[in-house]
**Student:** 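I am attaching a structure below and will ask some questions about it afterwards.
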Number of protein chains: 2
Amino acid sequence: MNKKAAPSPEAIKAWARLMRVSRRLVEKAEDALKEGGLPPLTWYDVLHELAEAGEGGLRPFQLIERTLFAQYNISRLLARLEADGLVEKLPVSDDGRGQTIRITGKGRETRRLMWAVYGRSIADLVGARLSADELDTLAGLLGRLRHPPE
Amino acid sequence: MNKKAAPSPEAIKAWARLMRVSRRLVEKAEDALKEGGLPPLTWYDVLHELAEAGEGGLRPFQLIERTLFAQYNISRLLARLEADGLVEKLPVSDDGRGQTIRITGKGRETRRLMWAVYGRSIADLVGARLSADELDTLAGLLGRLRHPPE
DNA sequence: TCAAGCTTGATGCAATTGCATCTATCGCCT
DNA sequence: AGGCGATAGATGCAATTGCATCAAGCTTGA
């Protein structure tokens, strides 16, 4: 069953818009960060999760779950963040393989600086263009597209 | 004016959803193509534009306008497509710098094969999850986020 | 006509991503 | 205890992306 499953014109249009608009917006947000001499969005995502996690930190595999980065990607991203002194890697007592990643003071500060720019981008690119109700509608519809089958 | 411009919670949530969902869906669509031994989505985008353009073909800079790829990216992507025999580069008479890119028969065939898989992904990931009305609403809201300022 | 500046497209080089695989440790099962 | 598959994270290597710059051809204006 479900052999052909050609998408409807509405589905194609929504998909196309989603692809284009999201790419474009990411690009804009990245440009703004670059213009401010700040690290890329990927760094923000990780710093954000770590900041939320607090002093307890997170294990790399937890970051993978939360951020959708590939394993090798997180591994290297963390290496860069550590090299920049934004996070620290701590051995974890009950698992000799693992480590706990904790954000440093400098990391928090960097995140703050990035948010000043990134938050502004969000406000300009999205907040200023749709009403609160529309934003809720949008978020609701997008929410239904999460957790794709399988 | 507009000094702080902190984004509203609604804006943040819609943004976050947009980022996550779009990344996730692209990933799923890419996975499906890979599973079918087919080229990546970027190839499809270009082949699609060229197929629509017909025998007249398109200049690389026109592809850049239509697809949002960076110039160097298109340049290399076209080189790969040409190496695979999916497009051909023709000199253009009235401009010695330029070239016209035309899709080949093999290119059309590849696009067809890719669409069989890609279209199915769109149907599954989006078409099957929202009604036609909801898809229209989504497309409409996303449309209002196009053409970011400046 | 021809120099200056713009447009088109390519390319060298560094950084990042993707893939496959590796090492080390863990947990379980016998 | 000892072995075996599963999990955590790192890494070598190839492909892609990003940045800066380049070469070639066009256009304009003195």
Side-chain angles (χ1 to χ4, degrees), chain A residues 23-24 26-46 49-50 57-84 86-102, chain B residues 23-24 26-46 49-50 57-84 86-102:
Chain A
R23 260 193 291 173
R24 180 74 116 153
V26 169
E27 213 171 88
K28 281 285 171 192
E30 291 278 19
D31 286 352
L33 287 171
K34 246 171 281 188
E35 202 161 333
L38 292 166
L41 271 185
T42 52
W43 290 36
Y44 183 85
D45 289 344
V46 169
E49 294 298 336
L50 290 174
L58 285 176
R59 302 277 302 266
F61 73 87
Q62 295 177 298
L63 280 168
I64 291 169
E65 293 165 1
R66 286 168 170 68
T67 59
L68 313 182
F69 287 115
Q71 184 271 320
Y72 56 80
N73 225 325
I74 280 288
S75 178
R76 279 156 169 158
L77 187 41
L78 289 176
R80 280 172 237 150
L81 288 168
E82 187 188 28
D84 258 51
L86 305 184
V87 306
E88 48 191 353
K89 299 184 176 182
L90 310 167
V92 58
S93 54
D94 58 339
D95 188 340
R97 301 167 286 189
Q99 46 190 312
T100 295
I101 310 297
R102 194 165 61 192
Chain B
R23 260 193 291 171
R24 181 66 114 158
V26 169
E27 213 171 87
K28 282 285 169 191
E30 291 277 18
D31 286 351
L33 288 172
K34 246 171 280 187
E35 204 161 331
L38 293 166
L41 272 184
T42 52
W43 288 37
Y44 184 86
D45 289 344
V46 169
E49 294 299 334
L50 290 174
L58 287 175
R59 302 279 301 265
F61 72 89
Q62 295 177 297
L63 280 169
I64 291 169
E65 294 164 2
R66 286 167 172 70
T67 59
L68 313 181
F69 286 116
Q71 183 272 321
Y72 57 80
N73 225 327
I74 280 288
S75 179
R76 279 157 170 159
L77 187 40
L78 290 175
R80 280 172 239 151
L81 288 169
E82 188 188 27
D84 259 51
L86 305 184
V87 307
E88 50 191 352
K89 299 183 174 182
L90 311 168
V92 57
S93 56
D94 58 337
D95 188 342
R97 303 165 288 186
Q99 47 190 314
T100 294
I101 309 297
R102 194 165 60 190

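The sequence lines fix the lettering, A, B, ..., with proteins before strands; numbering per chain opens at 1.
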**Student:** Quick one: L77(B) CG to dA10(C) C1', roughly how many Å, whole number?
**Tutor:** 14 Å
**Student:** Take the protein atom CZ of R80(A) and the nucleotide atom P of dA14(C), then report the distance between them rounded to whole Å.
**Tutor:** 16 Å
**Student:** Let me know the distance between CG of L78(A) and C1' of dA10(D), rounded to the nearest Å.
**Tutor:** 12 Å
**Student:** Both Q99(A) and T42(B) contact DNA chain D. Taking the nearest nucleotide for each, which residue is further toward the 5' end?
**Tutor:** Q99(A)
**Student:** Which value, rounded to the nearest 0.5 Å, describes the distance between L50(A) atom CG and L63(A) atom CG?
**Tutor:** 5.0 Å
**Student:** Return the minimal non-hydrogen interatomic distance between K89(A) and Q99(A), and the atom names on each side.
**Tutor:** CD-OE1, 2.9 Å
**Student:** Of all heavy-atom pairs between F69(A) and I64(A), which one has the smallest distance, and what is that distance?
**Tutor:** O-CG2, 3.4 Å
**Student:** Rounding to an integer number of Å, can you tell me how far I64(A) CD1 sits from dT7(D) P?
**Tutor:** 13 Å
**Student:** Restricting to non-hydrogen atoms, name the atom on R23(B) and the atom on T67(A) that form the minimum distance, rounded to 0.1 Å.
**Tutor:** NH1-O, 3.8 Å
**Student:** So do I101(A) and P60(A) actually touch side chain to side chain, heavy atoms under 4.5 Å?
**Tutor:** yes
**Student:** Could you list the residues that satisfy side chain to side chain donor-acceptor pair (under 3.5 Å) with E65(B), not counting sequence neighbours?
**Tutor:** none
**Student:** If I take atom CG in residue L68(B) and atom P in nucleotide dT17(D), what distance separates them, rounded to the nearest angstrom?
**Tutor:** 14 Å
**Student:** Mind calculating the distance between CD1 (I101(B)) and C1' (dT8(C)) to the nearest angstrom?
**Tutor:** 12 Å
**Student:** So, using salt bridge (charged side-chain N to carboxylate O under 4.0 Å, His left out) as the criterion, who are the partners of R102(B) when residues are at least two apart?
**Tutor:** E55(B), E88(B)
**Student:** For the residue pair W43(A) and L33(A), establish whether any side-chain heavy-atom pair is separated by less than 4.5 Å.
**Tutor:** no
**Student:** Could you state the CG-P distance from D95(A) to dC26(C), rounded to the nearest angstrom?
**Tutor:** 6 Å
**Student:** Among residues 86-94 of chain B, which contact DNA chain D at a heavy-atom distance under 4.0 Å?
**Tutor:** none
**Student:** Could you write out each protein N or O paired with an N or O of nucleotides 4-7 of chain C at a distance under 3.5 Å?
**Tutor:**
residue: dT7(C); atom: O2; partner: R97(B); partner atom: NH1; Å: 2.5

**Student:** Heavy atoms under 4.0 Å is the rule here; annotate nucleotides 18-23 of chain C 5' to 3' with B where the base is hit, S where only the sugar-phosphate is, and - elsewhere.
**Tutor:** BB----
**Student:** Can you give the donor-acceptor pairs under 3.5 Å from side chains of residues 70-81 of chain A to other protein atoms, not counting sequence neighbours?
**Tutor:**
none

**Student:** Atom CG of L38(A) and atom NZ of K34(A): how far apart are they, to the nearest 0.5 Å?
**Tutor:** 12.0 Å
**Student:** What is the distance, to the nearest angstrom, from the CD1 atom on I74(B) to the C1' atom on dT11(C)?
**Tutor:** 16 Å
**Student:** What distance do L41(B) atom CG and E27(B) atom CD have between them, rounded to the nearest 0.5 Å?
**Tutor:** 11.5 Å
